[in-house]
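Chain letters run A, B, ... following the sequence lines, proteins first, then strands; residues in each count from 1.
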There are 2 protein chains.
Amino acid sequence: MSAGDARSRKRAPGAAYDPRMAERPDPNDHPPRRSFIERARRAQIVEAATQVVAELGYAGTSLARIAEKAEISKSVITYHFESKDEILRLVVSQFFERAWAHMSGRVEAERTASGQVRAWIGAQLEFYAEHRAEFLAMSQIMANHRTPEGSPAFAGELTEEVDALTEILQRGQRDGEFRDFDARGVATIILRCADGVLGSWAIDDSTRLLDQIPALLDFVDHAIRR
Amino acid sequence: MSAGDARSRKRAPGAAYDPRMAERPDPNDHPPRRSFIERARRAQIVEAATQVVAELGYAGTSLARIAEKAEISKSVITYHFESKDEILRLVVSQFFERAWAHMSGRVEAERTASGQVRAWIGAQLEFYAEHRAEFLAMSQIMANHRTPEGSPAFAGELTEEVDALTEILQRGQRDGEFRDFDARGVATIILRCADGVLGSWAIDDSTRLLDQIPALLDFVDHAIRR
DNA sequence: CTACATTCGGTCCATGCGTACGGAAAAACG
DNA sequence: CGTTTTTCCGTACGCATGGACCGAATGTAG
């Protein structure tokens with residue numbers, strides 16, 4: 001069996017798979033679960049993995065290359081992490097957490113629905129523009145990572161996003177800001193539209209992403225406004 | 001052996017990299033370059049590769065799996081093809097050729113710029129909807145395939161597309177059909193927008209792509225019309 | 001039979017992820 | 001301090017898979 005990362009290795013061998021084992025199941029761990037070194041290493045490794053994926057793509061990413069990038073030995077990685085899968089998932093989830101932290105305030109500060117839509121897209125693209133490598137890594141992983149059975153590993157993440165934007169659009173329709181359209185369909189279109197612009201920036205960084213933002217906001221505005 | 005690429009193996013070892021060597025450099029090939037069997041095998045293998053990439057993703061695609069899918073031995077592949085790279089490039093280029101063949105007539109039949117834009121998007125999505133596996137394979141390969149040096153292998157393909165649509169938009173502006181905007185930027189947005197909708201369909205085939213087409217056409221129409 | 005085209009099984013070498021084990025470093029203990 | 005114990009990390013290895021390739025069958029045609 002492949003028991004545990006750092007310490008879980010000495011645990012009872014029953015707990016085969018528990019990605020969220022961090023929350024105390026028993027009270028005999030008053031000090032933080034992870035030592036200082038471990039937290040530092042994990043952060044370093046996730047950071048290195050992000051850079052490697054961004055540069056070499058999903059398929060070009062191996063533990064060996066991550067180790068090389070971080071200038072550590074390969075086994076440091078397998079010591080601190082359960083598997084490559086765990087690392088990649090962290091790259092994605094951390095990026096989303098940070099992105100949403102950046103966006104949520106901006107969106108909630110707006111009163112009107114159209115303001116919120118603009119804030120959403122604007123804040124999102126700004127954040128991505130400032131974190132190009134992280135964005136590239138995230139999108140490579142999202143597009144490629146699969147479960148052992150072969151199905152895409154990240155599917156539900158997008159649904160939540162669509163739901164949230166759909167609500168904003170519907171409110172805008174009730175308030176008469178927007179014309180009549182299928183809110184959910186348009187929410188999908190808007191989000192994927194932003195992704196699309198990001199996609200062209202991803203493969204060609206000469207695209208001045210920040211300059212495109214006003215154009216995109218304008219485009220969307222004309223499309224949905226009454 | 002003689003000339004082909006099954007046989008090109010005996011060529012001068014200088015020509016290291018030539019993705020577009022297929023077009024006759026000399027006139028001494030009146031009969032088709034490839035035998036019947038070879039053409040059949042190549043088609044079969046490209047077809048199998050398409051299915052494998054669509055199902056297992058780019059990273060999950062190996063010559064072994066392609067062979068398995070085609071129910072042939074692995075070396076039949078390496079006999080008829082120079083490399084895995086050649087196969088993957090064919091999957092992409094054939095898909096584009098067919099898609100463009102489907103679209104070009106529809107676009108050129110329209111007189112107005114806005115009609116052409118609608119025809120473009122509509123025909124594109126319809127074609128993709130009818131060829132889901134090929135689309136999935138193409139998009140996996142486009143997103144992941146890299147040169148040996150690590151840079152994305154398909155970058156220029158998109159530029160051409162943008163150029164063509166940009167011209168249509170500019171004409172529409174001159175004719176007063178469209179409002180004022182940066183044609184190139186909006187062309188990018190429109191194309192990537194369609195890609196985005198396709199992307200959500202790619203990961204979730206419950207999306208009724210054909211139903212989304214009118215919504216998307218409507219969305220774009222409102223966005224660019226005067 | 002000779003010549004060439006096609007296919008198969010198997011080999012080769014590189015790389016992948018994960019593990020084993022021993023020693024260094026740090027923390028706990030006396 | 002010194003010693004023991006735990007944490008941490010490097011070297012080396014295991015086992016599987018990858019793409020490419022080779023030589024020996026087959027098939028096919030003259």
Side-chain angles (χ1 to χ4, degrees), chain A residues 1-11 13 16-17 29 31-45 48-49 52-53 56-68 70-88 144-146 148 150, chain B residues 1-11 13 16 31-45 49 52-53 56-68 70-89 144-146 148 150:
Chain A
M1 81 209 40
S2 54
D5 62 328
R7 64 203 55 53
S8 69
R9 163 171 329 193
K10 63 176 182 199
R11 288 186 179 192
Y17 184 41
D29 49 352
R33 300 282 311 236
R34 305 194 190 281
S35 69
F36 172 78
I37 289 180
E38 181 148 20
R39 275 181 283 122
R41 281 292 191 206
R42 286 173 66 93
Q44 174 198 28
I45 291 166
V52 171
V53 176
L56 281 345
Y58 181 85
T61 300
S62 67
L63 295 189
R65 276 194 240 269
I66 297 173
E68 189 186 8
E71 294 179 314
I72 55 179
S73 144
K74 212 177 38 165
S75 57
V76 181
I77 299 177
T78 60
Y79 175 77
H80 288 285
F81 287 94
E82 187 81 12
S83 66
K84 186 181 176 181
D85 176 273
E86 186 189 356
I87 302 175
L88 297 182
N144 289 293
H145 202 53
R146 309 258 170 148
Chain B
M1 36 181 90
S2 19
D5 61 51
R7 29 211 106 63
S8 70
R9 174 172 322 191
K10 59 131 200 249
R11 288 186 180 192
R33 301 277 309 238
R34 310 190 189 284
S35 71
F36 172 78
I37 289 182
E38 180 148 21
R39 274 181 284 121
R41 281 292 191 206
R42 286 174 65 93
Q44 174 197 29
I45 291 166
V52 171
V53 176
L56 281 346
Y58 180 86
T61 299
S62 67
L63 295 190
R65 275 194 239 271
I66 296 173
E68 188 186 9
E71 295 178 312
I72 55 178
S73 126
K74 217 174 35 162
S75 33
V76 179
I77 299 178
T78 60
Y79 176 76
H80 288 286
F81 287 94
E82 189 81 14
S83 66
K84 187 183 177 182
D85 176 273
E86 186 189 356
I87 303 174
L88 264 22
R89 285 180 185 275
N144 289 292
H145 202 55
R146 308 258 170 151

Give every pair of a protein N or O atom and an N or O atom of nucleotides 28-30 of chain D that lie under 3.5 Å apart, one pair per line with the distance.
none

Show me the protein contacts with nucleotides 15-18 of chain D, counting only N or O atoms at under 3.5 Å.
residue: D:dG18; atom: OP1; partner: B:Ser62; partner atom: OG; Å: 3.2

Within the sub-3.5 Å range, which N or O atoms of nucleotides 22-28 of chain C have a protein N or O partner, and how far apart are they?
none

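A sub-4.0 Å separation between OP1 or OP2 of D:dC9 and a side-chain N or O of A:Tyr79 is absent. Applying the 4.0 Å criterion to OP1 and OP2 of D:dT7, one finds that A:Arg41 has every side-chain N and O outside that range.
Residue A:Ser75 places no side-chain atom within donor-acceptor reach of the base of C:dG18, judged by atom type and a 3.5 Å distance cut-off alone.
Side chain of A:Arg42 to main chain of A:His80: a donor-acceptor pair is present (N/O by atom type, distance under 3.5 Å, no hydrogens or angles). Side-chain N or O atoms of B:Ser75 include none that pairs as donor or acceptor with a backbone N or O of B:Thr78 at under 3.5 Å.
Atom OG of B:Ser62 and atom NZ of B:Lys74 lie 8.0 Å apart (nearest 0.5 Å).
Per the geometry, CD1 belonging to A:Ile45 stands 12 Å off P belonging to D:dC8, to the nearest Å. Counting to the nearest Å, the C1' atom of C:dC4 and the CD atom of B:Glu38 are 14 Å from each other. In this structure, B:Glu86 places its CD atom 14 Å from C1' of D:dA20, rounding to the nearest Å. Following rounding to the nearest Å, A:Arg39 (CZ) and D:dC8 (P) show an atom-to-atom distance of 11 Å. Spacing between atom CD of A:Glu82 and atom P of C:dC17 amounts to 15 Å, rounded to whole angstrom units. One interatomic measurement links the two molecules: CD of B:Glu68 to P of C:dC8, which rounds to 14 Å at whole-angstrom precision. Rounded to a whole Å, the CZ atom of A:Arg42 is 13 Å from the P atom of D:dC9.
With D:dC21, C:dG18, C:dC8 as the choices, the nucleotide that has an atom nearest any side-chain atom of B:Thr78 turns out to be D:dC21. With D:dC8, C:dT6, C:dG18 as the choices, the nucleotide that has an atom nearest any side-chain atom of B:His80 turns out to be C:dT6.
Taking every heavy atom of both residues into account, A:Arg146 and B:Gly57 meet most closely at NH2-CA, 3.4 Å. Residues A:Ala48 and A:Ala70 approach most closely at CB-CB, 3.8 Å, considering heavy atoms. Of all heavy-atom pairs spanning A:Gln44 and A:Ile72, the tightest one is NE2-CG2, 4.0 Å.
Here the rule is side-chain contact (heavy atoms from CB on, under 4.5 Å) with A:Phe81, and of A:Leu88, A:Ile66, A:Ile45 only A:Ile45 fits it.
Between B:Lys84 and B:Leu63, some side-chain heavy-atom pair lies under the 4.5 Å cut-off. Counting only heavy atoms from C-beta outward, the side chains of B:His145 and B:Asp85 approach each other to under 4.5 Å.
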